[in-house]
Each structure stands twice: as C-alpha cells, then as structure tokens.
Protein chains: 2
Amino acid sequence: MAAGGPESPVRLAAETWESLFRAQVAVMRKLQSGPAFRKLAVNEYDVLFTLSRCPSGWLRLNELNDNVLLSQSSLSRLVERLEKRGLVARMPAPEDGRGILIQLTDEGRELQKEIGREHVRDISALVGPALTPAEQKELRRLTDKLRDSLGKR
Amino acid sequence: MAAGGPESPVRLAAETWESLFRAQVAVMRKLQSGPAFRKLAVNEYDVLFTLSRCPSGWLRLNELNDNVLLSQSSLSRLVERLEKRGLVARMPAPEDGRGILIQLTDEGRELQKEIGREHVRDISALVGPALTPAEQKELRRLTDKLRDSLGKR
DNA sequence: CCAATTTAGATGCATTTGCATCTACCGTCG
DNA sequence: CGACGGTAGATGCAAATGCATCTAAATTGG
C-alpha cells in the first residue's frame, strides 16, 4: 500500500464519498431552513415529489422506499400521515393482495407543485452560482453513474 | 450533447441536485445496512469522525453542528449520549463561558478507528467499481466546489 | 394440493429528533 | 458601570423514527 505517494484507490473513494456527503449536508441544511418546508417535512415532500414523477401515478409502498432514506415502518407511517392530511390516497394492489398502491390526491398534487416551485428556486440559487452549467452537467452525469452502478447489484 | 433542446439553468440546477441527492441516498442506504454501523448510528459515528479529524482534538458544539445534519438540540443530546457511553469528554470552553469543548476519549478514538476501517472498505467497494479514479477526482472537485460556494455566504 | 419459506406492509414500544423555550454568558452602547 | 440585544447550550414535550414482531398473502418445494 502506498504511503505518501499517489493516493490509494481506497482512500480516493473514501474522500470522494466524504466530499459528496458533506456537500449534500451543506445544501440540504440550507434547503431545509428555507420557507419551502414550513408545511411539509423534507421526507414528506420527497414522497409527494416521487409520486408526481411517476408515469402511472401509482406507486407501491416498497418502490417508494427505494427513493427515500427511511425504514419501511417509518415510511408506512409517513404515508399514513399524508393520507390523514388528504395528500395521498391508498388502494390495495390489484395483482398482489399484500401490496398497497399510493397516488397523489388533487390536493397533494397542488401542494407538491407549490412547494416544488419554491424548492426549485432555492436549489437554483444555491447550485447556480456554485458551478458552471458544464460542471453541473458533469456532476449530474457522475452522480447518475454512481447510482446506476449501485442499482445493478 | 443534449438530445432535446437547450435546458434552462434553473432546471439544470434542480436536476443536478436531484441526482446528487439520490446518489447520496442510495450510497447511504447501503452503508447504513452494513455491519459497520451495528454499534453506532451514522450521525454518532459522524461526530466521532469529525472529532478525529480535528487538529486540536477539541471542537465546540456549534462547530460540530455545521458538519452534521441535526438540529442544535438533537446534537446536544447526541453528545450527551456519547458522553454517557464514555466515547467523548466535555469541558467548558476556557475563553467563552457559554461554550462547551468536546474531545474523543481513548475509547471513543478506538471505536472510531474500528468502525472507520470497515466503513472505508464499504465505501471503496461501492464507489470504486462505479467510477474511474479520474471520475472520482472530478466528482470530489465538483462537490468540494459546491460546498465551498455555500460557505462563502 | 399442502406445508414451509418469503415478501409486503402494519403495529407495539423504546429511542431519537425537532420546536419552543429557558438559562447563562458575551458584547455593545448609553 | 448597567441595561440590552445576541449567542451557546440545555431542557420539556410532542412528533417522528427504527427495531422487533405480527398478520396476511404470495411463492416454492415436495
């Protein structure tokens, strides 16, 4: 193992992750404290957002769970809360008696759009001045590649 | 280059952040579920790690709070737990009667190293196969630049 | 076809988290 | 100096989270 010389692959990977993670923390901290998340926690918004992006409009609970950093039980209760607030609707999955399908209600879609607009402005104000468009594209490419690589295993 | 027309700057920034965030979620999910975090939650490890990287060995509570995605009160109690477990020690800040200095105990340093070794291996196994060394360096550069840009305001 | 295993989601319960607030201390300005 | 606004942490309390477990339904293997 190299000491002092060129950086070891293990160390490089660790530092890469460290940078990615700290950047995420720094951005998220700013976003969270903004006014966009007065009405909804970030995780709750994230669920609405994921549902809004889904082509069919319906998602299984376990599919949702792949996108969000929450345990299965926490997501279950989070969706329960959203349902109580009238932002999502559930129905039993037709093909699988164990499963639950979730979809945005009109009110949920409305709130997602409202928060989303503000959220996107906040993001733009943070990321826009930090990186050139070319750098943003490259960052997007690299993080997409990283995520794709994890999924394939 | 881009397939469908030009992308608006706002949209590009939003998609960049989205990719970064999802990649972080995907990696973190894998890391959390590994055996490295049986003994300590990720946030708790993060505090030990941050303390281990600190040159003086001592850090103020509010300095710690900049690195971790936790509210002030949650961090205060997290440190309280770590102290109860004998992993960190506190002392009043000499120059500021309001402040608290925190440092690793020997046991805390030991545990940080132990978890850290495993953690770094896990990271390497996830990031190493996903991106070339040059890509990792570029990703590190971009995320560092992003974080630096946020700090300066 | 039925028993055994696996998977999806819900639930009891203890822990963790955040908001609001409180106390103690710092720095400033009269 | 002494009041006053601001900052560093701690704390009460309600809400959110995760672990372990449970139920029900699907899948597998005989």
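Quick note on labels: first sequence line is chain A, next is B, and so on, each numbered from 1.
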**Item:** Nearest listed nucleotide, side chain of Glu44(B), among dT16(C), dG9(C), dC26(C)
**Value:** dT16(C)
[X] vs [N]: side-chain N/O to OP1/OP2 distance below 4.0 Å:
| X | N | result |
| --- | --- | --- |
| Asn43(B) | dT17(C) | yes |
| Ser74(B) | dT17(C) | no |
| Ser76(B) | dA10(D) | yes |

**Prompt:** With a 3.5 Å cut-off and no angle check, do the side chains of Ser76(A) and Ser73(A) form a donor-acceptor pair?
**Reply:** no
**Residue-level proximity of residues 77-87 of chain B to DNA chain C when a heavy atom falls under 4.0 Å** = Arg77(B), Arg81(B)
Are [X] and [Y] close enough for a salt bridge, meaning some N to O gap below 4.0 Å?
| X | Y | answer |
| --- | --- | --- |
| Lys113(A) | Glu110(A) | no |
| Glu80(B) | Arg90(B) | no |
| Asp46(B) | Arg22(A) | yes |

**Request:** Confirm from the modelled atom types if Ser73(B) and dC19(C) form a donor-acceptor pair under 3.5 Å, side chain to base only.
**Result:** yes
**Request:** Could you give me the CA-CA distance, side-chain angles and deciding distance for Lys39(B) and Glu118(B), then say whether salt bridge (charged side-chain N to carboxylate O under 4.0 Å, His left out) is met?
**Result:** CA-CA 12 Å; Lys39(B) 306 190 166 197; Glu118(B) 201 171 351; over 6 Å; no
**Asked** What distance do Thr16(B) atom OG1 and Arg140(A) atom CZ have between them, rounded to the nearest 0.5 Å?
**Response**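 Nearest 0.5 Å value for the OG1-CZ distance: 5.5 Å.
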